[in-house]
Amino acid sequence: MPKDEAGVLSEIKRNYILKKLKEGRRGDGRSPDSFREISITTNYVPRSAGSAYVKLGRTKVVAGIKIESGEPFPDTPNQGVLTTNVELLPMAFPTFEAGPPNEGSIEIARVVDRGIRESKMIDLEALVIEPAKKVWIVFADIDVIDFDGNLIDACTLAVASALRTAVVPGSTEGGKDFALPVRNLPVSVTMVKIGDEIVADPDLEEEQLSTARITVTTTADEHIRAMQKGDTGYFTLDEIRKAIKLSSDIGRQIREKYFK
Amino acid sequence: MPKDEAGVLSEIKRNYILKKLKEGRRGDGRSPDSFREISITTNYVPRSAGSAYVKLGRTKVVAGIKIESGEPFPDTPNQGVLTTNVELLPMAFPTFEAGPPNEGSIEIARVVDRGIRESKMIDLEALVIEPAKKVWIVFADIDVIDFDGNLIDACTLAVASALRTAVVPGSTEGGKDFALPVRNLPVSVTMVKIGDEIVADPDLEEEQLSTARITVTTTADEHIRAMQKGDTGYFTLDEIRKAIKLSSDIGRQIREKYFK
Amino acid sequence: MPKDEAGVLSEIKRNYILKKLKEGRRGDGRSPDSFREISITTNYVPRSAGSAYVKLGRTKVVAGIKIESGEPFPDTPNQGVLTTNVELLPMAFPTFEAGPPNEGSIEIARVVDRGIRESKMIDLEALVIEPAKKVWIVFADIDVIDFDGNLIDACTLAVASALRTAVVPGSTEGGKDFALPVRNLPVSVTMVKIGDEIVADPDLEEEQLSTARITVTTTADEHIRAMQKGDTGYFTLDEIRKAIKLSSDIGRQIREKYFK
Amino acid sequence: MGTASDIKLIDENGLRIDGRSPTELRPLKIETDVLERADGSAFIEWGGNKILVAVYGPREAYPKHTQDIEKAVVKARYNMSAFSVDERKRPGPDRRSVEISKVISEALSAAVMVEQFPRAQIDVFIEVLQADAGTRIAGLTASSVALAAAGIPMRDMVVGCAAGKVDGKIVLDLGKEEDNFGQADLPMGILAKSGKIVLMQMDGDMSQEEFEQATALIMDATKRIYEIQREALAGKYRALALERSGE
Amino acid sequence: MGTASDIKLIDENGLRIDGRSPTELRPLKIETDVLERADGSAFIEWGGNKILVAVYGPREAYPKHTQDIEKAVVKARYNMSAFSVDERKRPGPDRRSVEISKVISEALSAAVMVEQFPRAQIDVFIEVLQADAGTRIAGLTASSVALAAAGIPMRDMVVGCAAGKVDGKIVLDLGKEEDNFGQADLPMGILAKSGKIVLMQMDGDMSQEEFEQATALIMDATKRIYEIQREALAGKYRALALERSGE
Amino acid sequence: MGTASDIKLIDENGLRIDGRSPTELRPLKIETDVLERADGSAFIEWGGNKILVAVYGPREAYPKHTQDIEKAVVKARYNMSAFSVDERKRPGPDRRSVEISKVISEALSAAVMVEQFPRAQIDVFIEVLQADAGTRIAGLTASSVALAAAGIPMRDMVVGCAAGKVDGKIVLDLGKEEDNFGQADLPMGILAKSGKIVLMQMDGDMSQEEFEQATALIMDATKRIYEIQREALAGKYRALALERSGE
């Protein structure tokens with residue numbers, strides 16, 4: 001993850017944040033297990049098949065869905081196709097550069113994709129037009145437009161919200177348009193380790209202080225659907241247990257609050 | 001546009017050219033509204049479908065046409081396809097580099113293409129083999145081999161000349177070979193602004209002194225078919241009116257002299 | 001070819017090797033016309049269609065064959081397709097870099113390919129599934145994993161060995177699996193010129209001392225099937241005659257010893 | 001320009017397919033400071049276009065050989081998001097967006113006081129979230145606002161506006177169907193106060209007389225668009241003033 | 001995770017499709033110093049996986065802007081050879097291999113004493129010659145051995161190991177069919193002595209209880225794999241010792 | 001080499017499909033100074049080949065790490081224009097042109113007095129406008145002339161020439177059908193005065209005896225081609241002389 005504009009967090013800020021954390025408080029006053037404010041605007045790009053503009057604190061992303069007919073993968077002839085792509089737009093941060101996805105944006109896209117896919121959010125089997133020949137291809141594209149940490153969760157929220165409102169253009173294939181069949185709702189929760197503390201939904205400053213990152217994506221049944229550890233630090237098994245528990249709890253709250 | 005080999009025009013040369021211009025004369029003795037000598041050799045690459053070698057002063061380009069069968073664009077199922085590409089070969093100038101087209105050559109190709117396309121020079125509707133399935137694809141490729149300014153006009157001249165002699169290989173699709181159906185003849189005229197003067201067909205030195213560039217492409221009916229303003233300077237509306245008039249006049253002369 | 005880690009061979013080593021060569025001996029004790037020890041392990045990657053792990057002295061390469069159905073080239077509708085690719089893996093040498101093939105690996109792949117192709121080792125006409133529509137495509141891929149000179153010969157040995165054991169997966173196209181039809185065996189012999197001496201199978205040190213390289217690929221009939229001169233030095237016609245003779249002799253020995 | 005079609009684009013009352021008169025602009029709205037990281041930003045909705053612009057700079061031009069010792073380099077990057085158009089667009093620049101980025105960069109360079117920032121680079125990132133006709137002039141109009149919002153000194157605002165020819169008639173600000181099935185399009189970039197032209201492209205078929213009509217429409221609309229730009233920025237300064245008085 | 005299927009992956013005796021018990025690893029063999037040029041190398045055969053790892057470094061990080069003034073950068077490059085999988089793989093990195101390279105790099109960084117080599121780079125090249133399930137953990141396990149063989153100081157060995165869910169049951173070290181048709185896969189990278197977790201990914205469907213079972217299996221297997229790593233290296237040192245005594 | 005075919009390439013009189021005898025070259029014409037910007041240039045028409053060569057340099061090699069402190073680097077770039085072959089060729093280098101660029105660069109390096117220009121680069125741009133058989137040797141022959149025309153010191157001229165096997169017979173300078181349906185092709189690059197061989201490739205099927213015949217034909221033709229090279233350059237110097245006397 002990129003450093004802030006000065007390249008490194010000042011020693012003073014750093015000590016301040018670490019000290020507060022020991023007292024159970026974060027730089028911006030949050031408790032370790034709380035998310036920043038979430039705002040979700042669906043249908044933000046009305047001409048796409050589905051879309052959502054998500055703000056997670058000062059991190060902002062726009063997800064847009066396009067659904068087109070095409071060939072299935074040879075090994076899954078009876079399923080539609082989902083592809084997820086994340087663009088870290090240069091407008092989002094001073095050091096982001098235009099160009100093909102780098103390892104950072106690829107990792108984000110793949111973790112988001114795994115959460116959606118493994119939760120079986122989309123009923124891919126309902127997206128077959130002609131078995132082995134023609135299926136619906138769901139393109140989930142995410143533009144990151146403002147960056148202040150925790151892109152994985154912002155992107156998962158945006159894609160999930162966009163998919164829930166998406167419409168399959170069945171009329172282009174001689175049928176009727178229909179709502180994209182979605183069922184489970186994956187919620188990803190990303191946490192980082194700063195010193196010995198685990199905090200959820202890190203902002204950029206916290207990401208820069210952290211040694212290890214973990215994302216746990218769960219569904220309403222509180223099963224784990226995807227996990228990803230990142231960064232060069234480590235977690236103990238107990239820390240991971242704690243992270244899973246936290247994800248499960250926060251996931252429940254987010255579902256409750258934003259996806260009734 | 002590239003600088004000359006020394007990187008910048010010497011002050012002395014610069015002042016000389018500016019002074020002469022105020023007297024209504026250009027560095028090489030031309031009047032502001034006159035083109036350099038044009039030489040057009042068609043059928044220069046006899047094995048292509050059509051070709052032309054054009055010299056515009058010391059600028060030299062070779063255009064070659066290839067015509068192959070292929071699929072139409074989905075939104076124009078009843079039309080052939082035209083694609084235009086310009087290669088600024090490294091042989092043409094000391095600082096040109098091999099590699100994919102840069103923004104300079106892309107702009108040139110797109111302006112040339114618009115002139116050909118919007119003048120409806122080629123009857124694309126006559127290039128359908130099987131509607132929505134198979135049409136003739138016209139590839140217009142231009143090699144820039146020697147560079148001394150005003151590539152847009154040199155390339156337009158070369159492509160237009162090559163297309164006028166081009167043959168569609170109908171025999172490869174079970175028919176007969178036939179002359180590419182062409183009708184209108186677009187002529188592009190590029191002008192630059194040096195100080196307050198507008199001069200047509202700038203050479204490299206003049207391009208380096210200019211602050212703004214404008215290309216106006218017209219057909220025999222003296223209608224405008226394509227325009228493109230370039231560079232970081234500006235034109236007043238009156239200057240543009242003057243440029244359009246100039247293009248119209250020069251276009252008539254060029255048509256008269258070279259395309260009888 | 002890359003320099004050794006210090007970038008250049010030390011003067012002392014260089015003089016030692018040159019002096020020994022004048023006495024008809026090489027740095028490692030070999031005679032000018034002898035190869036290093038060859039070891040060939042076929043079926044090294046059992047899940048590929050055919051494979052071989054070849055050591056030529058300390059140079060090590062792995063060739064793997066994949067055979068898939070696909071379209072023939074338009075100009076050879078009644079033949080299967082062979083494609084050869086060499087990867088100079090960054091693991092093989094300190095200065096090798098990851099990335100698309102450079103001119104070095106392209107030259108190696110093309111010379112290896114020509115030897116296989118021109119010897120008519122593979123009966124490409126027997127690889128047609130449906131004329132003009134569907135043929136077998138033979139992918140020969142070579143991983144260079146340890147580099148100590150003479151990659152062309154190591155790669156040719158590996159590909160030829162792998163092809164001899166390869167199986168066409170006919171069952172995937174409704175037929176039966178069958179052994180890839182091979183007949184002739186090309187053997188390439190690469191020689192370099194150091195001072196006025198010609199030595200066969202150069203190791204890396206010798207490649208760094210040499211001024212010119214020549215590869216001659218022959219078949220059992222002692223006909224020449226492919227040749228390639230490399231590097232910025234020259235050969236006299238007599239030296240090339242000598243090289244052809246040497247290749248012919250060594251080819252016979254290698255065939256005798258390793259391909260009975 | 002567009003393909004021929006039977007669609008009637010102007011009705012018997014002289015009204016256009018979306019109900020506008022020939023001299024009417026589509027609805028247009030500009031907001032500033034919509035992003036936190038950028039030095040300046042703007043969001044424009046113009047007809048169905050939704051375009052976000054972020055400005056970074058002046059900052060040291062990089063790589064070094066791109067530096068101009070006499071002035072700042074203004075580098076616009078026009079990009080369409082994958083979901084902005086009917087058929088999903090593959091990410092990354094294509095020839096069209098490269099050309100548009102070039103002409104927008106040149107147009108903005110004419111307005112910014114580039115000579116104040118030698119060796120610097122000013123980046124203008126234009127992201128088309130939803131594309132209707134006229135994205136380049138909408139992007140240009142918003143870019144100018146974003147530059148001002150970033151506090152970058154400019155000699156004048158750049159206004160983007162287009163006119164075109166539809167069913168043989170010259171009209172202002174083509175909509176999507178008009179763009180698809182019309183006969184000419186003339187996008188321009190104009191310095192608001194001086195009326196100087198810093199961007200101009202044209203394709204289609206226009207007589208010299210029609211060109212006069214088209215530019216008259218554009219020049220007139222420029223004033224209206226400039227007002228909207230000013231208001232967007234005034235909103236910003238009002239907000240700032242409130243913030244201060246609230247302290 | 002995999003697609004649904006009728007294939008029975010665990011039989012009535014609780015045995016798996018390849019005859020293993022739920023807690024059994026596939027056959028695993030590691031060899032060191034299989035390459036001459038590399039500073040350290042290892043070859044691992046784990047089930048049907050055949051993976052070669054070469055280590056170069058520490059050497060000056062290049063290009064310069066990638067240097068970290070405080071520590072060495074560990075850069076793993078996971079690559080599948082064109083012939084390693086059923087369908088021929090186009091050479092060059094794809095998104096999957098980019099992600100795997102990243103998580104392996106991060107896992108190894110946690111083990112290597114990177115602070116001893118500021119500004120340096122340690123390259124770990126992982127070439128999958130034949131792929132069965134579990135290439136990333138096999139590659140990670142071999143990388144750790146190759147780093148040790150290169151004499152690079154490490155605070156601990158990294159062991160890669162996976163568990164998964166098959167026919168509703170948690171089992172160790174998924175094979176290919178289990179990976180294709182199972183319900184979850186949990187690859188982990190563990191520091192052998194401290195038990196710290198430096199790599200973890202999961203996909204599929206696992207309850208929190210099942211996660212506990214899976215990690216228990218992995219933690220237990222870690223010890224066995226670590227033994228094999230040590231033996232491979234002991235072989236190296238034995239060989240070295242013999243060489244010396246033979247002088 | 002070519003595919004088998006029923007086409008008879010040599011008739012009962014021993015004449016070839018284009019009427020040539022086995023030892024006859026196709027028509028060959030070289031012109032110098034056809035371009036203004038380049039430091040030297042040449043245009044060759046050889047059979048149906050039309051190839052343009054431009055030379056720039058010696059100039060400082062760039063990027064710096066490509067510099068050789070002992071000598072100039074000769075960098076040929078062989079390129080086929082999109083319209084040079086039957087089917088339109090996608091612009092940009094392919095594997096074939098990369099290989100040809102390499103062997104031509106090496107061949108020219110042997111002729112140029114590279115040791116006189118340490119750290120320099122000499123660029124040779126070869127553009128094939130129309131391709132018949134034998135583009136690489138035609139390009140090489142013209143390159144040598146363009147280098148001389150650029151005033152670059154050379155120890156010898158490089159002559160490109162090929163022989164091949166057609167209907168079982170060795171013939172000089174294959175034409176297009178002969179190349180397509182013949183049995184072997186042997187392109188060579190020869191230093192005109194010394195007879196040293198600086199480029200050689202072969203593909204097809206040739207006995208060692210046939211190789212002797214082929215090289216005999218080539219060596220003999222080399223002299224004729226060299227004469228044409230000299231005349232092209234003499235034309236240049238004559239022209240220069242006239243220019244001077246005209247002053």
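Throughout, protein chains are lettered first and strands after them, A, B, ... in sequence-line order, and every chain is numbered starting at 1. Side chains are part of it too, since the values below use all heavy atoms of this structure and drop only hydrogens, waters and symmetry mates.
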request  = On the 0 to 90° scale, with breaks at 30° and 60°, tag the D/F43-A/Y44 ring pair as parallel, tilted or perpendicular.
outcome  = parallel
task = Using the six-membered ring of A/Y16, assess whether NZ or CZ of A/R14 lies under 6.0 Å from its centre and within 45 degrees of the ring axis.
result = no
Cation-aromatic face contact D/K102/D/Y78, 6.0 Å, 45 degrees = no
task = Determine yes or no for a side-chain-to-main-chain donor-acceptor pair under 3.5 angstrom, with D/D68 supplying the side chain and D/E70 the backbone.
result = yes
remark   = In terms of heavy-atom pairs under 4.5 Å with chain D, the winner among A/D141, A/I67, A/V62 is A/D141
inquiry  = Can a side-chain donor-acceptor contact be found between A/Q228 and A/R110 if the only test is distance below 3.5 angstrom?
reply    = no
query = Hey, which residues of residues 80-101 of chain D are touching chain A, say heavy atoms under 4.5 Å apart?
reply = D/S81, D/A82, D/F83, D/V85, D/D86, D/E87, D/R88, D/P91
At a heavy-atom separation under 4.5 Å, does [X] approach chain D through its side chain, its backbone, both, or neither?
| X | value |
| --- | --- |
| A/P100 | neither |
| A/I145 | both |
| A/A49 | neither |
| A/N85 | side chain |

inquiry  = Quick check on D/V124 against chain A: is it the side chain, the backbone, both or neither that has a heavy atom closer than 4.5 Å?
reply    = neither
message = Under a 4.0 Å threshold between the charged nitrogen and the carboxylate oxygen, would D/E115 count as salt-bridged to D/K71?
response = no
query = Is D/R20 paired with D/D173 through a side-chain N to carboxylate O contact shorter than 4.0 Å?
reply = yes
remark   = When A/K134, A/E173, A/K133, A/E130 are each screened for side-chain hydrogen bond (donor to acceptor under 3.5 Å, both in side chains) with A/S69, the one that passes is A/E173
ask   = Got a sec, which residues hit salt bridge (Lys or Arg N to Asp or Glu O under 4.0 Å) with D/R59, two or more places apart in sequence or on another chain?
value = D/D123
query = If you tally heavy-atom pairs under 4.5 Å against chain A, which of D/G57, D/A54, D/A131 wins?
reply = D/A54
